[in-house]
Amino acid sequence: MRIIGTGQLIDLSRRMRMAGGPRLQRNMNRRIRRAAEPLQKDLQRSIRTVQLVGSRSGRRGGPSPTTRPLRATLAGGIRISVRTGVSPGARVWMDKGRLPRDLRNMPWVIETGRVRHPVFGNRRRWATQTARPAGWWSRTVRAGMPRMNREIERIVGDVRRSLE
């Protein structure tokens with residue numbers, strides 16, 4: 001079975017409400033969330049392993065002026081949401097609300113591969129660092145989507161069989 005667009009999921013969701021009620025709906029939502037969890041974990045692992053390399057690395061540096069670890073903070077902002085209404089499905093996303101105000105754009109800056117920032121908060125002196133590997137989000141999602149799609153297709157097929 002292949003899911004083409006959201007029409008099939010909407011039809012399945014409607015049939016589930018009529019046949020199985022909320023218990024069947026909760027079961028499917030839980031299974032879809034579990035199917036998305038490996039992609040979330042992969043994204044968190046990916047951001048934790050991104051290296052930020054400076055042009056003068058090794059000569060200068062020191063401890064971070066903040067107490068929060070950058071990569072762990074960004075990894076904590078990756079979330080999963082499962083929707084069953086008009087556009088059903090699972091979504092793995094970066095929740096900017098969970099990030100500190102000054103880091104809200106940082107995941108996408110690191111995605112581009114070039115991080116430019118003031119040196120220890122001094123706005124008259126800037127440094128440029130390279131994120132290696134660049135594209136941490138897009139490459140990880142591209143690698144994880146086939147497995148997630150297969151798992152969701154299997155879940156939808158199981159639910160369809162139970163409705164028939």
Side-chain angles (χ1 to χ4, degrees), residues 1-9 28-158:
M1 180 186 86
R2 180 98 176 120
I3 300 173
I4 313 256
T6 59
Q8 290 178 340
L9 281 175
M28 183 172 121
N29 289 348
R30 186 180 69 250
R31 290 178 67 190
I32 288 175
R33 177 175 292 279
R34 283 187 184 154
E37 283 174 357
L39 180 58
Q40 178 192 28
K41 299 296 182 205
D42 289 347
L43 284 166
Q44 289 173 336
R45 189 177 312 109
S46 179
I47 190 63
R48 283 187 176 114
T49 59
V50 167
Q51 296 297 313
L52 293 175
V53 180
S55 58
R56 297 182 186 170
S57 62
R59 285 196 226 157
R60 296 182 179 178
S64 171
T66 63
T67 57
R68 61 175 190 253
L70 173 68
R71 291 171 197 84
T73 303
L74 296 178
I78 299 172
R79 299 188 60 197
I80 300 173
S81 62
V82 177
R83 300 173 314 275
T84 57
V86 177
S87 61
R91 187 176 133 199
V92 179
W93 55 292
M94 178 62 77
D95 185 2
K96 287 185 176 185
R98 285 185 145 190
L99 299 178
R101 195 165 201 74
D102 59 336
L103 294 180
R104 295 223 168 129
N105 287 329
M106 188 57 73
W108 315 124
V109 171
I110 293 174
E111 169 77 8
T112 64
R114 184 172 173 250
V115 180
R116 189 162 160 74
H117 60 89
V119 177
F120 292 107
N122 180 359
R123 296 232 168 240
R124 289 181 286 168
R125 185 155 184 202
W126 288 74
T128 301
Q129 290 182 294
T130 306
R132 292 188 188 145
W136 69 274
W137 181 274
S138 56
R139 279 188 299 105
T140 307
V141 168
R142 202 172 21 250
M145 283 303 292
R147 192 208 62 76
M148 187 173 149
N149 285 338
R150 281 193 309 272
E151 183 68 20
I152 289 178
E153 285 175 10
R154 189 179 64 76
I155 293 166
V156 170
D158 290 349

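As a basis for the values below, the full set of heavy atoms in this structure was taken, side chains included, without hydrogen atoms, waters or symmetry mates.
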J.: Would you check if Arg71 and Leu52 make a side-chain contact, meaning some heavy-atom pair closer than 4.5 Å?
T.: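 A side-chain contact under 4.5 Å exists here.
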
J.: Nearest 0.5 angstrom please: Met148 CE to Asp42 CG, how far?
T.: 11.5 Å

J.: Heavy atoms only: give me the nearest Met106-Val115 pair and the separation to one decimal.
T.: SD-CG1, 4.1 Å

J.: Is the closest side-chain heavy-atom distance between Glu111 and Pro107 below 4.5 Å?
T.: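 Not touching, per the 4.5 Å side-chain cut-off.
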
J.: When you check the gap from the basic side-chain N to the acidic O, do Arg154 and Glu151 get nearer than 4.0 Å?
T.: yes

J.: How about CZ on Arg48, more than 12 heavy atoms from neighbouring residues, nucleotides or ligands closer than 6.0 Å, or not?
T.: yes

J.: Once rounded to the nearest 0.5 Å, what's the spacing between atom CD of Gln51 and atom CD1 of Ile110?
T.: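 Between atom CD of Gln51 and atom CD1 of Ile110 there are 11.0 Å.
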
J.: Nearest 0.5 Å, what's the CG-CG distance between Leu74 and Leu43?
T.: 12.0 Å

J.: Going by side-chain contact (heavy atoms from CB on, under 4.5 Å), name the residues that satisfy it together with Pro100, two or more places apart in sequence or in a different chain.
T.: Arg68, Thr73, Asp102, Leu103

J.: Please check if atom CZ in Arg104 has more than 12 non-hydrogen atoms from other residues, nucleotides or ligands closer than 6.0 Å.
T.: yes

J.: Sequence neighbours left out, what passes ring pair (Phe, Tyr, Trp, His ring centres under 6.0 Å) with Trp108? Give chain and number order.
T.: Trp137

J.: Quick check: closest heavy atoms across Ala131 and Val50, and the distance to 0.1 Å?
T.: CB-CG1, 4.0 Å

J.: Supply the atom-to-atom distance Ile32 CD1 to Arg91 CZ, rounded to the nearest 0.5 angstrom.
T.: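 Between Ile32 CD1 and Arg91 CZ, I get 15.0 Å after rounding to 0.5 Å.
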
J.: What pair of heavy atoms forms the shortest contact from Ile80 to Trp93, and how long is it?
T.: C-NE1, 4.0 Å

J.: Can you see which heavy atom on Arg147 is nearest to which on Ala35, and at what distance?
T.: NH2-O, 2.7 Å

J.: Quick check: closest heavy atoms across Ser81 and Arg33, and the distance to 0.1 Å?
T.: CA-NH2, 4.3 Å

J.: Which value, rounded to the nearest 0.5 Å, describes the distance between Leu99 atom CG and Met94 atom CE?
T.: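 CE of Met94 is found 6.0 Å from CG of Leu99.
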
J.: Flag yes if more than 12 heavy atoms outside Arg114 fall under 6.0 Å of its CZ atom; otherwise flag no.
T.: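 Atom CZ in Arg114 is not crowded, with 12 or fewer foreign heavy atoms closer than 6.0 Å.
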
J.: Arg142: which residues meet the side chain to side chain donor-acceptor pair (under 3.5 Å) condition with it, sequence neighbours left out?
T.: none

J.: Does the side chain of Asp158 reach to within under 4.5 Å of the side chain of Arg31, using non-hydrogen atoms?
T.: yes

J.: Testing the basics here: between Ile78 and Gln40, what is the closest heavy-atom pair and its distance to 0.1 Å?
T.: O-NE2, 2.8 Å

J.: For atom CZ of Arg116, is the number of surrounding heavy atoms from other residues, nucleotides or ligands below 6.0 Å larger than 12?
T.: yes

